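A short write-up of the structure that comes next.
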Amino acid sequence: MGELEMVVDILTLFPEMFAGPFDASIIKRAREKGLVEINLINIRDFSWNKHRTVDDTPYGGGVGMVMAAGPLFEAMDWIRTRRGDPGRIILLCPAGRLFNQEVAAELAREKHLVLICGHYEGIDERVAEHLVTDEISIGDYVLTGGELPAMVVVDAVCRLIPGVLGESASAQEESFADGLLEYPHYTRPREYRGYRVPEVLLSGHHEKIRLWRRRQSLLRTLASRPDLLARASLTEEDRKILTSVLEELKS
Ligand SMILES: NC(=O)c1ccc(NCc2ccccc2N2CCOCC2)nc1
């Protein structure tokens, strides 16, 4: 059993949505290794009435329902009594800070995260104003609730927790963490339906293979995500490779 690195409390109306993703692959392993504890908390358990409703009509009129603040504040009180103050209380919402690898790394340093999954037309503003520390969006699209974004955030953050990925995988992750896109991967057979594996990868020449892979990462990043290239930490060798690539493009 590893030492508990992180506790994630997820406030949701649909705990059953998380069964699949959190009982499989790396999140399952992280939980089994005792590195990450994930608690699903049903917001309805903090409803103010016997019908277990947690939404109400909007002040000022309008269509749809609004998620009430009370049950969320009381769920947070309960979390605080059991576990103390969380490092972050994150609301997944379309207006939030755009989630990316950098944000994942920032959250991975916390010991205790609370994720709030909203529904309905929106959430009583007093939650965002007085309860939440961070609003995070996984991209510019509207979803029915915050559950899928919560799964994305938990997956990306869990991978960065020491010990969750095997040694090799985390080393491989390192290469991606330098901000470039991945180089192409190949496995058996050497030729499939006439499509061959690049010769250099069959050569066993490790230095050539390292250079070829780095060149592929740089080429791919230049081609499809030049914005990442601008931000990446490039070595002198990288610059030489890029210069030769640009020379070739000119010729
Ligand atoms: N991009 C994202 O990370 C993302 C996250 C959540 C989300 N929806 C849940 C939600 C949560 C909070 C406030 C409003 C809402 N919405 C309720 C449904 O109507 C739209 C607004 N959608 C997209």
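For ligands, and for the atoms within them, numbers begin at 1 and follow the listed sequence. Note that the structure is a prediction, hence the values are computed from the model and not measured.
- Between Glu199 and Lys208, none of the side-chain N atoms (NZ, or NE/NH1/NH2) sits under 4.0 Å from a carboxylate O, so this pair counts as no salt bridge.
- When heavy-atom distances to ligand 1 are checked against a 4.0 Å cut-off, Pro149 comes that close only through its side chain, counted from C-beta outward.
- Side chains of Asp9 and His112: a donor-acceptor N/O pair is present below 3.5 angstrom, by distance only.
- Considering backbone and side-chain N/O of Ser137, one or more are found under 3.5 Å from N/O of ligand 1.
- The distance between the ring centers of Phe14 and His119 falls below 6.0 angstrom.
- Atom numbering of ligand 1 starts at 1 in the shown order; those under 4.0 Å from a heavy atom of Tyr120 are 17 (C), 18 (C), 19 (O).
- Near Gly146, with a cut-off below 4.0 Å to any heavy atom, the atoms of ligand 1 are 9 (C).
- Note: the hydrophobic cluster containing Val200 also contains Tyr186 (ILVMFWY, side chain heavy atoms under 4.5 Å, direct or indirect links).
- An N or O contact shorter than 3.5 Å links Leu143 to ligand 1 by distance.
- Those atoms of ligand 1 that come under 4.0 Å of a heavy atom in Tyr141, given as number and element, are 1 (N), 23 (C).
- In the candidate list Pro94, Ala95, Gly118, Pro94 is nearest to atom 14 (C) of ligand 1, counting heavy atoms.
- Using a 4.5 Å heavy-atom cutoff, the side chains of Leu228 and Leu180 are not in contact.
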